[in-house]
Every structure is written in structure tokens, then in C-alpha cells.
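Small disclaimer: the values here were computed from a predicted structure and weren't measured.
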Amino acid sequence: MNYLRITDFKNKDSQDYCGAFMIECTKKERDFTEDYILPDYLPDAKKILRFVAKPVIETRFIGSSGLEYSGSIYCRALYLAEDSTIRCASFTIPFEDRLSSENLTDECVDFLSPTIISPICRLQNPRKMNIRMKLSSSIEVFKGSSTMPEVYGGTGREEKHIQTNIKSVPSMNVTCIREDDLSVSEDIALDKSNPDIAEIIFTDAEAVFDECRSSGTEILCRGSVTFECIYRCDSNNYHFIRRSIPISESLVGDVIPADCSVFALCRSKTPEVTVLPDEFGLKRIIELDLSYGVEICCKKEKELLYASDAFSINHEIQNSISPITVHRPEYKILSGFTVGESLKAEDCSLGKEDTVLAFFLNPEMSLQNTPGKHGKLYFEGQCEITVIANRPENPPRSQSFFIPLRFESDRPFMENVLYSDKTVCRASDPRIRFDGENLYADFELSISSDITASTEINAISAIRLLAGTEKTKGESSVITVYYPSSSECEWDIAKKYSITRESLALHNGMTAGEIPSVVKIPRGF
């Protein structure tokens, strides 16, 4: 049976009825178990002090069979060697995965955010490390889809006599921008209180964009790179430094809507560092080169029109109703708060003679799909704090513990709305102090979150004209809907549908010269 698509909703372009529908929103989790053998130039390991694993998406392909993607997990294991020195092993683990779906085409837009969950590195013997972790990939796929119903059993002539009841709902359009070749280079000079560098032991660098906005032609991003380093000095003691380096980028995409909601995720690779001499020939400058990529999702508000009811003047019809999940950009949260915690020495496994050599913070928060204490949207999570401590005449050791985090926004929680979010939280200005009895942890936590609300509507997906059926003449129930132009009068409308002016006025409560914006057409003519 032949079919066609209704293309005339209130005489507007068909593109006005295409919104960005999230056709896939899922998480894929994959367990990794890998063995890593220390290279010959590194000494035997005695104890793991810290393990870092960061995933980076490097290739992706989207087609009719689904979404395929691959990348690398950049790993660094900081360990205590058998000779009581601190060493670091760096290596990568490749990965690939796919999301099978028949709904995907090359016109779809995907937004991937991979994270590592519960990374664990254990020693199986002095030369062999066993790594266990879980790769969790949050996948959102959008596609511009038409809400216009298809007409079965009709031709262009029958289509003109089908009347549709049109409604609107807030929706959005989505554009994604990806840039994998960003970099930052910086010369970091040591403070006067730090001794000269004999050897770089461990480095970590993470790029984060705190602010992103659209100018209509480009995306302007501002943020910072947090650089952390443990180095050995000539006295065979170890020192720890942390620096924050401001960064800014201007990214150009094919289609960037103005005044859209922008959210960015940065993925940093392993930093490269070189020790340089200062003006006096002393090794007091660290040259940092960091490569990183960014994935940006732009969401623009728009009205989505859809058909909720339809009638035919000449034929009996059947409407097929299908539920559609509509997404809209709710708002963007940019906020922060101060965290201050005090822990007893026994709670964090520290002794009275311990001193803090280095510390690392790893905060994570997510939006909760339940109302908070005051009926507001709230975020919940935790911050992992890893402390590497020194004790006289003992080798360095590490201890990790967790601080609970909770933040309530000023936005009310709405029932019957499904919220999804992408949240990035970053700790800045950290201060860790241990006085022999209590460990004090203070830092500023900034939150950037992109909130999307989803709701379900019932729209007509198909209209089927029943063969061999015609409307019976005579007065019966009223059908809708006709949208008259500003130039049409009662006579024009009555003539178009072969009804009397009196019948038209009776069913619409019209007085002479008054034409409503929506006119009801009686079924008998």
C-alpha cells in the first residue's frame, strides 16, 4: 500500500518539526584484568603507593549496525621499590567496544564519556602487577527526527482533506564538537623553599574547562590544568609540588547555535616533562607538555510541534498513536562550595610521627533522581583522598580514605520528569595538614553540570485511510482543526468545505466578521 508523509503543519517548513530525540541513553560497563611486567630499567616493587587510570576515546564510528569506539587507558603506578626508593611505571591498555542498535545512522550525534571505576593495582611478585578495573562508558545518541505522521492508502489529493490537531512541547537541537589535538606547554619554576631537582619520579596533569559559552560562530572555553609532581632531590629526599595553570581555547564547529547550553568534558593523556636549568644553571624548572582532547555538547532550546489527533473529511481513518520521549535542556549548574573535614589519626591509619609527603584528591558527584531535604535537586558523591606519609627511619607509605559530599541546588525537583546529567567536579586550593592527632583536609569544590529533563508525549505516527469508506452526509459530531489565514472570511471557509455559513457560525459561536484562529468544521456537507 502506498503511503506519504504529511508535510503541511500550519503551513510551516518541515524542519520546524524535527527535534533532537535521544534514541539511546545507556551505560556500558566492561571489566578489565591485565598483568603488567616491570621493564628491566625499573627496580623490583615492594608496595603500590598510588595507581592512576584515565580512559581516552581515540576512534569512533557510527552506522546502521551501531556505534563502535576504541581508545586507550593511560595508567601510572607509583610504587615503593625494594631498595626503599619511590618509582613510577607508566603504560597503556587498549580497549574497544560497541553499542549495537538498529536505530543508529550516520546522521546521529553521539556523546561519549568514559570513566574508570574502582581501579586496583596489586603486586603478584616483585616484577609483576595485576590491574583490575571497570570501564564505564556513558553513551548518549541523538538524532533529528520528524514528528510528521505517515499517511497510508492516500494520495496527494486525499492528504489535503486530512485535518490535524497540532500541539507544541519544549524540545531541543543538539550539536557535538570534538577536538583531540589540544595541548598546553608551560615552564614551571620551583618555589624558593623547594630544593633542586635530581630526578622526576611521578607526574599527573588534568585539564578541566570550568566555563564554556557559545558566541554563535565558536565555542569559547576557559579552565585550568592541575599539575602534580613528586621529585627526588640530591639528599635522596622526596618533595611534592602542585600547580594550577590557566588555559583557554576557541573551538569552531560546522553548526554552532547561539545562546545554547554548552557542556565540555576534557580527557588528558600522560603528561611529558623535562627538567631545565634556570638562569643560574640549577635544575629548578619543569617543562610541561600535555596533550588533551575535549568533547563538547551544545543543546539549543526549540519548540517541537506534533499531531495529537487527525480527521478526514472524505474517508474513515485510523490513527496510530506512539509514545515519544522528548528531551529539553533544563538548565546548567555552575556552582561550588567549601569542604572542611577533620579526621582522627587512627581513622586514617596515620601515626603520631608521620608527616605528609604528598596527597591527591579525586572527587566524584552525580545528580540524584529524588528530591532533596528541601524538595530541591541535589548531588551526592564522595572524594577519595590519598595521602603518602613519611615516618623517621621508615620507607614512605600510602593510605586512602573517603569524605562524603553532598550539594543541594536552588532548583526545585519536579515529579514525573526524568533527569539526566553530566557532572564534572574539581577540587582546587587543597590544604592537607596533620598535627599528630588529627588530619585536616580543606579544599574548594566546583561543580559543572548539564541538566536535561525528559518527558513522554503521545503523537500520531501513522494515519490509515480505510479503503471503500466515505463520510455520510448530514449533521453529526464536529471535527477539528482548520487554521484560517488572515485574509479568509466566513464565506471562503464555508465554500472550501461545502457547508453553509449558518452551520459554520453555529458550531464555532461566530458573530458577523469574527473569525477564530482555530475553526471547527462540521462533519456533514
I'd like to know if the side chain of [X] and the backbone of [Y] have a donor-acceptor N/O pair within less than 3.5 Å.
X    : Y    : result
E295 : L112 : yes
N394 : P392 : yes
D191 : N194 : no
N125 : R127 : yes
Y238 : I86  : yes
T423 : S449 : no
E408 : K373 : yes
S72  : Y74  : no
Q368 : S366 : yes

Minimum heavy-atom separation for [X] and [Y], please, with both atom names.
X    : Y    : answer
S261 : K332 : OG-CB, 4.2 Å
S398 : I48  : OG-O, 3.8 Å
I116 : A53  : CG1-O, 3.6 Å
C266 : F209 : SG-CD1, 3.4 Å
C298 : C260 : CB-SG, 3.7 Å
M133 : C75  : CE-SG, 4.1 Å

[X] vs [Y] side-chain heavy atoms within contact, under 4.5 Å:
X    : Y    : value
F111 : V109 : no
T386 : F401 : no
F32  : I131 : no
V275 : I285 : no
I286 : D187 : no
L367 : L377 : yes
C176 : I296 : no
L135 : P55  : yes

- Query: Is the Lys NZ or Arg CZ of R98 less than 6.0 Å from the centre of Y69's six-membered ring, within 45° of the axis?
  - Reply: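 The answer is no, since R98 fails at least one limit relative to Y69.
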- Query: Can the positive tip of R76 be found less than 6.0 Å from the middle of the six-membered ring of F51, inside 45° of the ring normal?
  - Reply: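 Judged by the rule (NZ or CZ under 6.0 Å from the ring centre, within 45° of its axis), R76 is not positioned above F51.
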Electrostatic pair [X]-[Y], nearest N-O below 4.0 angstrom:
X    : Y    : answer
K134 : E29  : yes
D180 : R267 : no
K299 : D450 : yes
R60  : D110 : yes
R284 : D196 : yes
D35  : R132 : no
E82  : K46  : no
R431 : D442 : no
E96  : R30  : no
K54  : D204 : yes
R242 : E228 : yes
E249 : R222 : no

- Query: What do the steps show when you test S291 against S183 for side chain to side chain donor-acceptor pair (under 3.5 Å), and what is the final call?
  - Reply: CA-CA 4 Å; S291 299; S183 62; 5.7 Å; no
[X] side chain to [Y] side chain, donor-acceptor N/O pair below 3.5 angstrom:
X    : Y    : answer
S185 : D289 : yes
R328 : T455 : no
H327 : T452 : no
R213 : S215 : no
T338 : E444 : yes

- For the rings on F360 and F240, is their centre-to-centre separation under 6.0 Å?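 Ring centroids of F360 and F240 are less than 6.0 Å from each other.
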- For the rings on F359 and F434, is their centre-to-centre separation under 6.0 Å?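 No.
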- Task: Take E330 and R411 through the test salt bridge (Lys or Arg N to Asp or Glu O under 4.0 Å) and record every step on the way to the result.
- Result: CA-CA 10 Å; E330 188 68 11; R411 303 285 184 165; over 6 Å; no
- Take the angle between the ring planes of F337 and F407 and call it parallel below 30°, perpendicular above 60°, tilted in between.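 Because their plane-to-plane angle is under 30°, the rings of F337 and F407 count as parallel.
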- Query: Would you find more than 12 non-hydrogen atoms of other residues, nucleotides or ligands less than 6.0 Å from K300 atom NZ?
  - Reply: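 Yes, because the 6.0 Å sphere around NZ of K300 holds more than 12 heavy atoms from other groups.
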- Query: Would the number of heavy atoms belonging to other residues, nucleotides or ligands and lying under 6.0 Å from CD of E346 be above 12?
  - Reply: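 Correct, the count exceeds 12.
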- Apply side chain to side chain donor-acceptor pair (under 3.5 Å) to the pair S138 and K422, showing each step before the final yes or no. CA-CA 9 Å; S138 176; K422 288 286 184 294; 3.2 Å; yes
- Applying the side-chain contact (heavy atoms from CB on, under 4.5 Å) test to F263, which of S113, S448, C212 qualifies?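 When side-chain contact (heavy atoms from CB on, under 4.5 Å) is applied between F263 and each of S113, S448, C212, only S448 qualifies.
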- Give the intermediate values and the outcome of salt bridge (Lys or Arg N to Asp or Glu O under 4.0 Å) for residues R406 and E380. CA-CA 5 Å; R406 182 184 174 92; E380 201 169 65; 3.2 Å; yes
- Only counting residues at least two apart or in another chain, list the ones meeting ring pair (Phe, Tyr, Trp, His ring centres under 6.0 Å) with F91.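 By the ring pair (Phe, Tyr, Trp, His ring centres under 6.0 Å) rule, F91 matches Y36.
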